[in-house]
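Residues: numbered from 1 along the sequence shown. Since the model is a prediction, treat every value here as computed from it, not as a measurement.
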Amino acid sequence: MSRPWSPAAPRRMFALLAAVGLALGTTACGSGADPGGSAGGKVTITVTGQPPTSQPFERGVFDADVKEFEAAHPNVKIEPHEGFMDPKTFGAKLAGGQLEDVYYVYFTDPAQIIARHQAADITEAVKKVPHVNDLKPELLDNFRGANGKLYGLPTMNYTMGLLYSRPLFQKAGLDPDKPPRTWDEVRAAAKKISALGNGIVGYADYSKNNQGGWHLTGWLASMGGSVARKDGSKWVADFDNEKGKAALTMLHDLRWTDDAMGSKQLLEAQDVQRMMGAGQLGMYMAAPDNVPVLVKQFNGKYEDYGIAGMPDGKGTLLGGEGYMINPKASPEKIKAGLEWIQWKYLNPDRFEKHIKQYVDGKQPVGLPAEPTPDVWQGAVREQQLALKAKYANVPAKNYQSYVDTTGTIKGSVEPPNAQQVYAILDSVMQAVLTDRNANIDQQLSSAAAKVTSVLAQVK
């Protein structure tokens, strides 16, 4: 699930069903435009990613970027299309040959798209694209096929961490500048926060609409485990083991032994965010882009929140998004498409200007998220961090614990057929959080058999 529950939440929620849309598109796709897409030496490319008019700041930035790009690239015409990954139309566009020349994908999508030959091979063309070698290799690898060739570029990523309430930490006698580093410390902090009473909950988690399975995957990653592994040429479930039992036992103890999760369960993101925004929740697992949501949608304050790295630090769940190119695109369109992706999304030369746009638009700068995504390594990453610190208008120190871990903690990409897997794991989370006597071993065994069956469909 890619950057879920951000200010652009409606489009992000489509990730929950993206696999359904993809399953419809089993034929090769092509652009509805003419093969070369050129007239009088100018190449026209269609691109997705234009924000809706209901997001006026983001829409304004995008449209201004299109004009600036065209001025700098007079031989390229951008035809922007509103939207991202909508399962209501994506499958039909794939099957009907109406897919844009440059199209948006979640990190869960490229493997299936590549296997179905629904993206252009950009391995050679990308060699002329600036700064590709400055991208994190593990993010690029998500767009590689089994043959090692490259079929897309990452433009945004997130890793899960621990989002917490600094005021509640202070009220509970905890140091908000020293957040928990292990799940045992989370448990101890959650008990103290819950003891404040007045309906305050120490820790909360999701358990429905595929979000419970997504978060259980995050729990497993933090403990050095995984939901799925490759066994030869096949994928199989990988959580019916001590790691899976440890994760569910910790959740069980938080819920039942400590009574630190409250009595209301079967929660999803908005429920938990509402609790946090109201000052009634101490901690939950989240990516940094949850913070603007808490402020803009749930009346929170930037100074009230902190983000720590994933507890236990043995791993974290990695998600994100990127762009791929229509397999029927001409070489001219591929070249123009890569120029657009690099200039718009992967351009260190525009870091400062882009950050200033956010400052001028009274948008948050200083979070480990937008306006410049954490896709970089080395000197470019240091350049990005320095500029964000220079223009920060939110308390960046509150998120330093998270930033300190991002360069060292191992990120694991979501499993194949992720949404089907998450749907199965939802029931496991629900059982543990609603039934004190749930048989954890039985839950793991039953779910593992179902997940292995789902994974057997992966080609």
Among Asn439, Leu254, Leu248, the one residue meeting side-chain contact (heavy atoms from CB on, under 4.5 Å) with Val432: Leu248
Gap separating the CG atom of Asp441 from the CG atom of Asp240, nearest 0.5 angstrom: 7.5 Å
Sub-4.5 Å side-chain heavy-atom contact between Trp183 and Met223: yes
Approximate separation, where rounding is to 0.5 Å, of Ile440 CD1 and Thr249 OG1: 4.0 Å
Audit row: Tyr358, Phe57, ring-ring contact (aromatic ring centres under 6.0 Å, His included) steps and yes/no: CA-CA 9 Å; Tyr358 269 62; Phe57 172 77; 5.0 Å; yes
Whether Trp340 and Tyr345 hold their rings parallel, tilted or perpendicular, with breakpoints at 30° and 60°: perpendicular
Check against side-chain hydrogen bond (donor to acceptor under 3.5 Å, both in side chains), Lys296 and Gln363: CA-CA 10 Å; Lys296 296 177 181 181; Gln363 302 297 311; 2.6 Å; yes
Check: Leu281 and Arg274 side chains under 4.5 Å, non-hydrogen atoms: no
Cationic N near anionic O, under 4.0 Å, Asp271 to Lys264: no
Ser222 vs Asp312, side-chain hydrogen bond (donor to acceptor under 3.5 Å, both in side chains): CA-CA, chis, key distance, verdict: CA-CA 6 Å; Ser222 75; Asp312 283 3; 5.2 Å; no
Under 3.5 Å side-chain donor-acceptor pair for Tyr305 and Asn290: no
Spatial distance of atom CG (Leu251) from atom CE (Met261) [nearest 0.5 Å]: 5.5 Å
Heavy-atom check, side chain of Ile307 versus side chain of Asn398, under 4.5 Å: no
Inter-residue atom distance Asp360.CG - Ile355.CD1, 0.5 Å rounding: 12.0 Å
Cationic N near anionic O, under 4.0 Å, Arg187 to Asp184: no
Short side-chain donor-acceptor distance under 3.5 Å, Tyr323 and Thr48: no
Parallel, tilted or perpendicular: rings of Phe169 and Tyr164 (30°, 60°): tilted
Single hit among Asp177, Asp175, Asp304 for salt bridge (charged side-chain N to carboxylate O under 4.0 Å, His left out) with Arg166: Asp177
Charged N-O contact under 4.0 Å between Lys410 and Glu138: no
